[in-house]
Protein chains: 2
Amino acid sequence: MAKKLSKRQEAMLSYVESFIDQHSYPPTIRDIQRDLEISSTSVVDYNLNALEQRNFIRRNRNISRGIELVGREPVSSNIVRIPIVGQIAAGEPIPVLEDVTVDENTETIELGPEVLGSRREDLFGLRVRGMSMIDALINDGDIVVLRHQETCENGETVAVWLRDEKETTLKKFYFEDDRVRLQPANSQMDPIFCEPENVEIQGKLVTVFRPYA
Amino acid sequence: MAKKLSKRQEAMLSYVESFIDQHSYPPTIRDIQRDLEISSTSVVDYNLNALEQRNFIRRNRNISRGIELVGREPVSSNIVRIPIVGQIAAGEPIPVLEDVTVDENTETIELGPEVLGSRREDLFGLRVRGMSMIDALINDGDIVVLRHQETCENGETVAVWLRDEKETTLKKFYFEDDRVRLQPANSQMDPIFCEPENVEIQGKLVTVFRPYA
DNA sequence: AATTGACACGAACATCTGTTCGCACGTATA
DNA sequence: TATACGTGCGAACAGATGTTCGTGTCAATT
């Protein structure tokens with residue numbers, strides 16, 4: 001069982017890997033045959049079986065492109081690519097997602113599920129400008145990742161737009177009695193109280209990170 | 001362009017997504033047809049084209065399972081899985097990498113190259129314990145990602161072990177004259193000066209992030 | 001009422017693709 | 001030398017799969 005892979009099997013394995021990286025779907029037997037200049041599909045089939053026996057791949061019979069790389073799936077499937085759609089600053093509203101065009105020029109970041117939690121939809125990133133969120137230990141240049149939502153649970157940290165003040169801020173949100181309490185992450189600081197009508201929830205804070213160039 | 005997806009198209013899109021997550025290769029048109037109970041493959045083809053036009057997927061003509069999810073593919077080879085090998089606190093040294101066993105039980109996080117920069121070797125993560133790094137805007141519970149190195153350039157933020165004080169700290173490092181200046185990120189605070197012999201560089205700070213569970 | 005456009009249907013077609021089989025070649029073993 | 005075994009070859013088969021086309025439905029528009 002500890003038998004070494006043949007030259008050809010090694011070549012096939014790394015071919016499959018790079019093919020998947022490149023196309024995001026596995027190759028057919030004939031793809032492998034052609035690109036590795038193997039004379040017959042049956043040779044490919046034979047060596048694929050060998051690779052399966054040694055647990056490098058898994059094959060799904062009678063299914064086209066039914067090759068799976070063992071031990072690879074966890075890495076590739078759960079990564080989320082998050083677009084950085086603008087910036088967040090005290091004095092300006094958060095960009096409206098519908099107005100933002102996300103194309104291949106948009107800066108993005110890739111994050112795994114450990115960082116993001118389970119719900120992976122509606123995520124977007126904003127670059128922090130200014131020191132206005134320093135009380136939440138968020139610095140100029142940091143990147144905050146938000147999940148777009150217009151309501152939230154008590155105690156969640158959310159990005160809110162204060163209509164009257166014309167101001168964006170990141171605070172813990174508490175709805176109590178008839179008013180809203182916005183609590184800075186820094187417990188030394190005093191909360192803000194305001195009318196519910198004045199508060200527009202823009203999204204929930206999912207993660208913050210700071211690249212040290 | 002802002003046209004909404006039809007019910008069927010939404011269903012198809014999310015079916016494709018979960019199929020890929022589950023199998024690690026895309027579905028065929030007939031897979032979609034069968035599982036979504038659509039009467040004809042041409043209907044699937046039609047709606048797949050609609051999805052392509054709106055840039056949710058990319059189709060590769062004439063090849064089986066030639067569906068790619070837009071914004072999902074780049075998720076492949078450039079992701080780095082970083083082990084979280086321990087914790088970092090003021091009063092204890094950083095775990096020595098050689099002593100740490102990284103196995104499948106080790107907690108890890110996956111991050112893309114935008115977050116990590118180009119050099120992707122020798123990275124490891126530590127969970128921050130305590131508030132001792134609050135002056136660097138790093139909170140209890142944050143995760144810091146370091147690159148293991150024992151030297152650094154002036155001005156880089158590094159994790160250092162102070163031999164005499166028996167203390168770990170994250171500071172900007174400056175070698176000047178015959179001494180070392182360790183500058184807190186918070187410019188309000190005073191630097192520490194010490195002998196070069198007293199300073200052991202543990203690694204360079206690459207990124208910090210804070211999951212809001 | 002007529003027209004148009006989006007969407008759906010069903011069947012047929014042409015490849016694409018995995019599988020199988022008989023045969024051959026070399027090396028190690030008996 | 002004979003045998004077994006791992007590996008390679010080429011061809012053929014059968015089913016899987018993407019594509020196309022004529023037709024139909026329905027709601028909005030003219």
Side-chain angles (χ1 to χ4, degrees), chain A residues 1-20 22-70, chain B residues 1-20 22-70 72-73:
Chain A
M1 173 55 188
K3 189 78 178 302
K4 263 193 73 175
L5 293 182
S6 75
K7 204 97 188 158
R8 183 163 271 179
Q9 283 155 16
E10 276 188 49
M12 281 174 50
L13 185 58
S14 80
Y15 175 79
V16 171
E17 285 173 0
S18 65
F19 189 102
I20 291 180
Q22 200 167 343
H23 299 85
S24 70
Y25 47 81
T28 64
I29 286 181
R30 281 176 177 81
D31 287 330
I32 301 173
Q33 182 204 8
R34 180 179 358 91
D35 292 352
L36 260 40
E37 292 178 324
I38 296 173
S39 58
S40 167
T41 58
S42 67
V43 177
V44 179
D45 182 65
Y46 173 83
N47 288 289
L48 241 25
N49 282 329
L51 284 173
E52 183 177 33
Q53 215 131 36
R54 288 171 201 169
N55 203 33
F56 285 94
I57 62 171
R58 192 170 327 111
R59 294 191 70 187
N60 297 272
R61 304 292 153 176
N62 297 315
I63 278 194
S64 74
R65 303 177 188 277
I67 303 174
E68 292 177 69
L69 289 171
V70 169
Chain B
M1 172 53 191
K3 188 78 177 304
K4 264 193 73 175
L5 293 182
S6 74
K7 204 96 189 160
R8 183 162 271 178
Q9 282 154 16
E10 275 187 50
M12 282 175 49
L13 185 58
S14 79
Y15 175 79
V16 171
E17 286 174 359
S18 64
F19 189 102
I20 291 180
Q22 200 168 345
H23 298 85
S24 72
Y25 48 79
T28 65
I29 286 181
R30 280 178 177 81
D31 286 332
I32 302 173
Q33 183 205 5
R34 177 176 1 88
D35 292 352
L36 260 40
E37 293 177 323
I38 296 173
S39 58
S40 166
T41 57
S42 67
V43 177
V44 179
D45 182 66
Y46 173 84
N47 288 289
L48 241 26
N49 282 330
L51 284 173
E52 182 176 35
Q53 213 133 33
R54 286 172 202 166
N55 203 36
F56 285 93
I57 61 170
R58 190 169 329 109
R59 297 190 69 187
N60 298 273
R61 303 294 153 173
N62 294 316
I63 77 172
S64 72
R65 303 176 190 276
I67 302 175
E68 294 177 66
L69 288 172
V70 168
R72 271 257 208 146
E73 343 75 60

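Here the structure is a predicted model, which means the values were calculated and not measured.
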Does [N] have its OP1 or OP2 closer than 4.0 Å to a side-chain nitrogen or oxygen of [X]?
X: Arg65(B); N: dT17(D); result: yes
X: Asn47(A); N: dG6(D); result: no
X: Ser64(A); N: dT17(D); result: yes
X: Arg8(A); N: dG8(D); result: yes

Nearest whole Å is fine: how far is [N] [atom2] from [X] [atom1]?
X: Glu37(A); N: dG8(D); atom1: CD; atom2: P; result: 15 Å
X: Tyr25(A); N: dT17(C); atom1: OH; atom2: C1'; result: 14 Å
X: Asn49(B); N: dT19(D); atom1: CG; atom2: P; result: 8 Å
X: Ile32(A); N: dT17(C); atom1: CD1; atom2: P; result: 12 Å
X: Asp45(B); N: dC21(D); atom1: CG; atom2: P; result: 12 Å
X: Gln33(B); N: dT19(D); atom1: CD; atom2: P; result: 14 Å
X: Ile67(B); N: dA16(D); atom1: CD1; atom2: P; result: 18 Å
X: Arg34(B); N: dC9(C); atom1: CZ; atom2: P; result: 17 Å

Discussion item. Using a heavy-atom cut-off of 4.0 Å across all strands, would you classify Thr28(A) as base, sugar-phosphate, or nothing?
Written reply: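 Here Thr28(A) touches the backbone only, sparing every base.
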If you check every side-chain atom of [X], which of [options] has the closest atom?
X: Ile38(B); options: dC9(C), dA8(C), dT17(C); answer: dC9(C)
X: Asn62(A); options: dG18(C), dT17(D), dC7(C); answer: dG18(C)
X: Val43(A); options: dA11(D), dC9(D), dT19(D); answer: dC9(D)
X: Arg61(A); options: dT19(C), dT17(C), dA12(C); answer: dT19(C)
X: Tyr46(A); options: dG6(D), dT19(D), dT17(D); answer: dG6(D)
X: Ile29(A); options: dG10(D), dT19(C), dC9(C); answer: dT19(C)
X: Ser42(A); options: dA11(C), dC7(C), dT20(C); answer: dT20(C)

Worksheet item: From Tyr46(B) OH over to Met12(B) CE, what is the distance, rounded to the nearest 0.5 angstrom?
Response: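 One finds 11.0 Å between OH of Tyr46(B) and CE of Met12(B).
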Discussion item. On DNA chain D, compare the nucleotides closest to Ser39(A) and Arg30(A); which residue's is nearer the 5' end?
Written reply: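 The residue whose closest nucleotide sits nearer the 5' end is Ser39(A).
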Worksheet item: Does Asn60(B) or Thr41(A) map to a spot on DNA chain D nearer the 5' end, using the closest nucleotide for each?
Response: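 Residue closer to the 5' terminus by nearest nucleotide: Thr41(A).
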Where is the tightest heavy-atom contact between [X] and [Y], given as atom of each residue plus distance?
X: Ala50(A); Y: Gln9(A); value: CB-NE2, 3.5 Å
X: Ile20(A); Y: Pro27(A); value: CG1-CD, 4.4 Å
X: Leu48(A); Y: Ile67(A); value: CD2-CD1, 3.8 Å

Fill in: Thr28(B) and Asp31(B) side chains, donor-acceptor separation under 3.5 Å
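Yes - a donor-acceptor pair under 3.5 Å links their side chains.
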Worksheet item: Using the ring of each side chain (for Trp, its six-membered ring), is Phe19(B) parallel, tilted or perpendicular to Tyr15(B), with breaks at 30° and 60°?
Response: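 Plane angle between 30° and 60°, so tilted.
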